[in-house]
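Every heavy atom of this structure was used, including side-chain atoms; hydrogens, water molecules and symmetry mates were not. Because the structure is a prediction, the values reported are computed rather than measured.
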Amino acid sequence: MPVVVEFTEAVITLRLIGEYSHDDMRDAFLTGMGSPATTVGGLLIDVRQSLSLRNRPAAEVRSMSRWWTLRAQRFARRMALVADPGTLEHGMARLSYPEIP
């Protein structure tokens, strides 16, 4: 299973493992959250075992960032990303992303 969803107290965690698509990640989040009215206190995305991000074009990463921004209220605008050195070869931290309203 490329995307594993876990709940710990008020946080939803997505563990991205191996190869997966943006659709896999989106579907796992939406299924894990259930109703569109469901909110949690934070979102943790663990990409330490991800193989997909190493080859993903920056434009796709920006697209996913915009997707998360539109749903920021659902995780109280609190999001963390856990990565090992080398996982994000293209410097995701330097990519521009939209303001969270």
So how far is it from T69 OG1 to R62 CZ, rounded to the nearest 0.5 Å?
13.0 Å

Show every donor-acceptor pair shorter than 3.5 Å between a side-chain atom in residues 23-33 and any protein atom, with sequence neighbours excluded, or say none if there are none.
unit_1: D23; atom_1: OD1; unit_2: R26; atom_2: NH1; d: 3.4
unit_1: D24; atom_1: OD2; unit_2: S21; atom_2: N; d: 3.0
unit_1: D24; atom_1: OD2; unit_2: S21; atom_2: OG; d: 3.4
unit_1: T31; atom_1: OG1; unit_2: D27; atom_2: O; d: 2.8

Are R66 and W68 in a cation-pi setup, meaning NZ or CZ lies under 6.0 angstrom from the ring centre and within 45 degrees of the ring axis?
no

Set out, in order, the CA-CA distance, both residues' side-chain angles and the distance that settles side-chain contact (heavy atoms from CB on, under 4.5 Å) for Y20 and L51, then state yes or no.
CA-CA 8 Å; Y20 54 87; L51 298 176; over 6 Å; no

In V11, L43, T39, the residue satisfying side chain to side chain contact (heavy atoms under 4.5 Å, CB included) with F75 is L43

Examine L16 and L81 and state if one hydrophobic cluster contains both, with Ile, Leu, Val, Met, Phe, Trp and Tyr joined whenever side-chain heavy atoms are less than 4.5 Å apart.
yes

Atom of G41, atom of A76 and distance for their closest heavy-atom approach
O-CB, 3.8 Å

Checking S65 side chain against V61 main chain: does a donor-acceptor pair fall under 3.5 Å?
no

Indicate, with yes or no, if V3 and M79 share a hydrophobic cluster defined by side-chain heavy-atom contacts under 4.5 Å among Ile, Leu, Val, Met, Phe, Trp and Tyr.
yes

Got a donor-acceptor contact below 3.5 angstrom from the R74 side chain to the T38 backbone?
yes

Test of understanding: clusters of I, L, V, M, F, W, Y form through side-chain heavy atoms closer than 4.5 Å, transitively. Do V5 and W67 belong to the same one?
yes

NE2 of H22 to CD of E60: how many Å apart, nearest 0.5 Å?
5.0 Å

S52: what forms a side-chain hydrogen bond (donor to acceptor under 3.5 Å, both in side chains) with it, not counting sequence neighbours?
E19

Cluster check V82, V4: I/L/V/M/F/W/Y, side chain < 4.5 angstrom
no

Evaluate the side-chain proximity of L14 to L44: yes if any heavy-atom separation is below 4.5 Å, no if none is.
no

Atom CD1 in I45, atom OG1 in T13: separation rounded to 0.5 Å?
9.5 Å

